[in-house]
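One structure is given here, and the rest of the page talks about it.
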Amino acid sequence: MKDKTSIIINEMISYYAKDPRRVNHFLKVFSFAKSIGELERLNEETQDILEVAAIMHDIGIKISEEKYNSCAGNYQEIEGPPIAREMLLKFKFDEKFIDRVCYLIGHHHTYSKIDGIDYQILIEADFLVNIYEDEIKSSQIESVKEKHFKTKVGIEFLTNLYL
Ligand SMILES: [Fe+2]
């Protein structure tokens, strides 16, 4: 899968051409997700799904901004999966893999429907980056931890970074 993630990273860099902020965002989310997944001992298939979903998770943002002039989470969740599916089909990922990646992309702002470790880690990795990028106050970070962090490694990263 190593080269597959690099292929998707390459594809996403051209998708977000001239938008280094978005590229920096997904590279950081990818990196946290990859490490949490490995340290939490995910099986290979789940790890691969998590890594590809982390790279592509915000793919819907570009169309949301063009179409609705908004980057609100719900628009991203609607617009993201179809573009991601098209991209993944081009690289011959199998159907089941694509379905799960698209599901994660389509739900990564929905915190009430977490149904798997890949989903949980994606949420945690996105928070680890967003807390820094959005300058979330330390008083709020404790409540993010209580509400949204479940994995041992994710909690460790969050605590060592921000608490
Ligand atoms: Fe994100």
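These numbers were taken from a predicted model, which means no experiment stands behind them. Count residues from 1 along the sequence. When a ligand or atom number is given, it counts from 1 through the structure's own listing order.
Counting just the N/O/S atoms of Asp58, the one with the shortest distance to the Fe ion (ligand 1) is named OD2. Within His57, NE2 is the N, O or S atom that lies nearest to the Fe ion (ligand 1).
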Atom pairs and distances, side-chain donor-acceptor, residues 119-126, under 3.5 Å, sequence neighbours left out:
| unit_1 | atom_1 | unit_2 | atom_2 | d |
| --- | --- | --- | --- | --- |
| Tyr119 | OH | His107 | O | 3.1 |
| Tyr119 | OH | Thr110 | O | 2.6 |
| Gln120 | NE2 | Glu124 | OE2 | 2.7 |
| Gln120 | NE2 | His148 | O | 2.8 |
| Glu124 | OE1 | Thr151 | OG1 | 2.6 |
| Glu124 | OE2 | Lys150 | N | 2.7 |
| Glu124 | OE2 | Thr151 | N | 2.9 |
| Asp126 | OD1 | His25 | NE2 | 3.1 |
| Asp126 | OD1 | His57 | NE2 | 3.2 |
| Asp126 | OD1 | Asn130 | ND2 | 3.3 |

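The Fe ion (ligand 1) forms the vertex of an angle spanning NE2 of His25 and OD1 of Asp126; to the nearest 10 degrees it equals 90°.
Phe30 and Ala54 make their closest contact through CA-CB, 3.7 Å (heavy atoms, listed as atom of the first residue, atom of the second, distance).
Other residues, nucleotides and ligands contribute at most 12 non-hydrogen atoms within 6.0 Å of the OH atom of Tyr132.
In this structure, CD1 on Ile141 lies 5.0 Å from CD1 on Ile131, to the nearest 0.5 angstrom.
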